[in-house]
Amino acid sequence: MMSQFSDRVIDWVKKIPKGKTASYGEIATLAGEPMAARAVGNIMGANQDPKVPCHRVIYSDGRVGRYNGNLGVKEDLLKNEGVNVTNGKIVV
DNA sequence: CGTATGACGTGCA
DNA sequence: GTGCACGCCATAC
């Protein structure tokens, strides 16, 4: 555990079911900090564990963010998971 | 301890 | 619909 917050965020991200996605703000809210979306993204990039499907975490706009420093990679991964992505955006 | 940066979010032009 | 700016939290220096 790096810090209570990071561990909590990672814990929630690990709980994201396959074929579904969650926004950084959602994760932050679940972690207990509704305005810590920035910190959530920070923790992800600083601690991208293979056990953490951080590629399922997207922007609140539905746009895919970054993954391992690559933009648009999440789109392909999510599509592979069965998520409908159009023009780099998640179809809700 | 104070400043700077970053995988964000919302508001306004 | 797109672009720019400000504000938030956590981490690193």
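Each chain gets a letter, A, B and so on, in the order the sequences are listed, and its residues count up from 1.
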Item to complete: Name all pairs fulfilling the side chain to side chain donor-acceptor pair (under 3.5 Å) condition that reach into residues 79-92 of chain A, sequence neighbours left out, sorted by first residue then second.
Response: A:Arg56-A:Glu81, A:Glu75-A:Lys79

Discussion item. Short of 4.0 Å, heavy atom to strand atom, which residues of residues 83-92 of chain A count as contacting DNA chain B?
Written reply: none

Discussion item. So that I can compare with my own list, what are the stems of DNA chain B, taken as at least three consecutive Watson-Crick or G-U pairs with distances under 3.5 Å?
Written reply: B:2-6 with C:9-13, B:8-13 with C:2-7

Item to complete: Tell me which residues in residues 36-65 of chain A put a heavy atom below 4.0 Å from DNA chain C, sorted by number, or none.
Response: A:Ala36, A:Arg38, A:Ala39, A:Asn42

Worksheet item: How many angstroms lie between CD1 in A:Ile43 and CD in A:Gln48, if you round to the nearest 0.5 Å?
Response: 13.5 Å

Discussion item. Students often get this wrong, so: under 4.0 angstrom with heavy atoms, is A:Ser6 touching a base, only sugar-phosphate, or nothing?
Written reply: nothing

Item to complete: Using the side chain to side chain donor-acceptor pair (under 3.5 Å) rule, collect all pairs that involve residues 17-45 of chain A, keeping only residues at least two apart or in two chains.
Response: A:Tyr24-A:Lys74

Fill in: Hydrophobic cluster partners of A:Ile58 (side-chain heavy atoms under 4.5 Å)
A:Val64, A:Leu78, A:Val83, A:Val85, A:Ile90

Discussion item. I want to check something: taking the side chain as every heavy atom from C-beta on, are A:Ile10 and A:Val13 in contact at a cut-off of under 4.5 Å?
Written reply: no

Worksheet item: How would you list, by chain and number, every residue that makes a side-chain contact (heavy atoms from CB on, under 4.5 Å) with A:Met2, sequence neighbours excluded?
Response: A:Ser6, A:Asn47

Worksheet item: Any idea which heavy atoms bring A:Ala36 and A:Ala28 closest together, and the distance?
Response: C-CB, 3.7 Å

Discussion item. Going by ring pair (Phe, Tyr, Trp, His ring centres under 6.0 Å), name the pairs with one or both residues in residues 68-92 of chain A, residues two or more places apart or in two chains.
Written reply: none

Discussion item. Could you list the cluster mates of A:Tyr67? Members are the ILVMFWY residues connected by side-chain heavy atoms closer than 4.5 Å, either directly or through other members.
Written reply: A:Val73, A:Leu77

Worksheet item: Taking DNA chain C as the partner, which of residues 9-24 of chain A come within under 4.0 angstrom of it by heavy atom?
Response: none

Item to complete: Kindly write out the residues that satisfy salt bridge (charged side-chain N to carboxylate O under 4.0 Å, His left out) with A:Lys14, not counting sequence neighbours, or none if the list is empty.
Response: none

Fill in: Opening and closing nucleotides of DNA chain C in contact with chain A, under 4.0 Å to non-hydrogen atoms
C:dG7 to C:dT11

Fill in: Contact summary for A:Ala31 and A:Val9, nearest pair of heavy atoms
CB-CG2, 3.6 Å

Worksheet entry | side chain to side chain contact (heavy atoms under 4.5 Å, CB included) between A:Val52 and A:Val57, worked out | CA-CA 10 Å; A:Val52 182; A:Val57 186; over 6 Å; no

Fill in: Close side-chain approach of A:Leu30 and A:Lys15, heavy atoms under 4.5 Å
no

Worksheet entry | Approximate separation, where rounding is to 0.5 Å, of A:Asn70 CG and A:Asp76 CG | 11.5 Å

